[in-house]
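Both counts, for ligands and for their atoms, begin at 1 and track the order of listing.
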Amino acid sequence: MDIDRIKAGIKGTIGREIYLYDIVDSTNTIALQLSENSSDGTVVIADSQRKGRGRLGRRWFSPPGLNLYLSIILKGGINNKKLNLLTFIASIACAHAIRRFSGLNVSIKWPNDLIISKKKLGGILTELKFNKDSFIAVVGIGINVNINISEFPEEIRPISTSLRNETGKTYSREDLIAEILNEFDEWYSTLKKDDKDRIFNEWKRLNITLGKKVKILSEGKTLVGIAEDIDENGFLLLKLQSCVIKKIISGDVKLINNQSFLP
Ligand code: BTN
């Protein structure tokens, strides 16, 4: 990967400082380690990861030369209330950047999946480090860019996709990274200004979860209901058959009543 090409495309403060590695265990791990001595918006990128991690303790498949694995260090005084929204702004930024970059119709599945054609294109893993009274957040982004569907491990092949798989084209990872970081910069400013309405409105416009019947695996239980809305923290409000509304803080959502393999 060509760091100069990425830097040439950076317009704001996110990505002004970049650490680029050939191989790491996880860019999130490196970002958390570097975070105390790094400035807000520093980015860690790797060509591949040995132990790329996803949500809910899952592994993130991270082969070399093909995809995008990056982590953004954020220490811009985001308070507890705004924390959950970091994942939201990251998914909005990725969806916008990828739409502009590839013309593909990217949607968001609560809380953090980037979806094209009912399959998973990418995901976001936000992790925190408490530092005296404040905290540092690391937003990790993984996007399947130039990987061929046949190269995915068998168990995730039916539910995964990549930009190349969707269009047959090969993409510059450097240019896509710059697009994503610039878009993230804009939404990070929106979050700092506390303009939650703009964030929720845009997330709702891009999401494919709300209004659907869903099955959720959360805290060891399976729940079925209608994904009614999200609350002011971004938690999912699930309407159960009994009409009780249950707040879901984290979990694995499957859309039901459609014929797809949607993860
Ligand atoms: C998910 O959908 O479960 C989240 C996947 C997040 C993957 C990215 S790749 C870059 C960063 N480093 C990691 O180890 N994970 C995130």
Side-chain angles (χ1 to χ4, degrees), residues 1 6 14-15 18-35 38 42-74 84 86-95 97-98 106-116 118-129 136-147 152-153 155-156 159-163 173-174 176-177 180-181 184 206-209 216-218 234 236 248-255 261-263:
M1 239 186 298
I6 302 172
I14 305 287
I18 294 177
Y19 292 88
L20 177 63
Y21 297 86
D22 266 350
I23 183 160
V24 295
D25 277 352
S26 154
T27 55
N28 268 27
T29 306
I30 303 286
L32 287 165
Q33 283 164 0
L34 293 172
S35 60
S38 300
T42 298
V43 172
V44 176
I45 304 170
D47 183 54
S48 69
Q49 302 184 112
R50 291 184 207 92
K51 294 180 185 167
R53 54 180 183 262
R55 278 175 68 244
L56 309 170
R58 293 187 183 130
R59 169 176 172 241
W60 188 258
F61 183 58
S62 311
L66 296 169
N67 297 331
L68 196 156
Y69 322 108
L70 66 84
S71 301
I72 310 172
I73 299 170
L74 299 167
N84 292 324
L86 283 174
T87 301
F88 276 63
I89 62 163
S91 42
I92 295 169
C94 288
I98 297 165
V106 186
S107 306
I108 303 168
K109 183 163 75 76
W110 185 88
N112 69 334
D113 288 346
L114 297 163
I115 303 287
I116 295 185
K118 301 180 177 173
K119 295 188 174 176
K120 184 151 169 165
L121 178 81
I124 290 140
L125 178 68
T126 302
E127 295 182 304
L128 298 175
K129 179 170 182 172
I136 300 171
V138 164
V139 173
I141 299 174
I143 315 262
N144 302 324
V145 182
N146 293 321
I147 186 170
F152 279 107
E155 66 276 15
I156 57 169
I159 55 168
S160 303
T161 194
S162 68
L163 294 183
R173 290 181 295 165
E174 290 88 343
L176 178 57
I177 289 170
I180 289 174
L181 297 180
F184 187 90
L206 294 167
N207 102 92
I208 50 162
T209 310
I216 302 185
L217 187 64
S218 174
L236 186 67
I248 311 289
I249 293 168
S250 91
D252 203 23
V253 175
K254 283 189 168 56
L255 305 194
F261 286 112
L262 198 57

Could you state the interatomic distance from [atom1] ([X]) to [atom2] ([Y]), rounded to the nearest 0.5 Å?
X      : Y      : atom1 : atom2 : result
Ser107 : Ile115 : OG    : CD1   : 8.0 Å
Ser162 : Leu68  : OG    : CG    : 12.5 Å
Ile124 : Leu114 : CD1   : CG    : 4.5 Å

Is Ile30 close to Tyr19 at the side-chain level, that is, under 4.5 Å between some pair of heavy atoms?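 No - every pair of side-chain heavy atoms lies 4.5 Å or more apart.
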Might you point out which heavy atoms bring Phe88 and Gly234 nearest each other, and give the distance in Å?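 Looking at all heavy atoms of both residues, the closest pair is CZ-O, 3.5 Å.
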Measuring from each atom of ligand 1, which residues have a heavy atom under 4.0 Å away?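 Within 4.0 Å of ligand 1, the protein residues are Ser26, Thr27, Asn28, Gln49, Gly52, Arg53, Gly54, Arg55, Trp60, Tyr69, Leu70, Ser71, Asn112, Asp113, Lys120, Gly123, Ile124, Leu125, Gly140, Ile141, Gly142.
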Check for a donor-acceptor pair, side chain of Lys120 on one end and backbone N or O of Asp113 on the other, with a separation under 3.5 Å.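 Here the side-chain-to-backbone pair does not exist.
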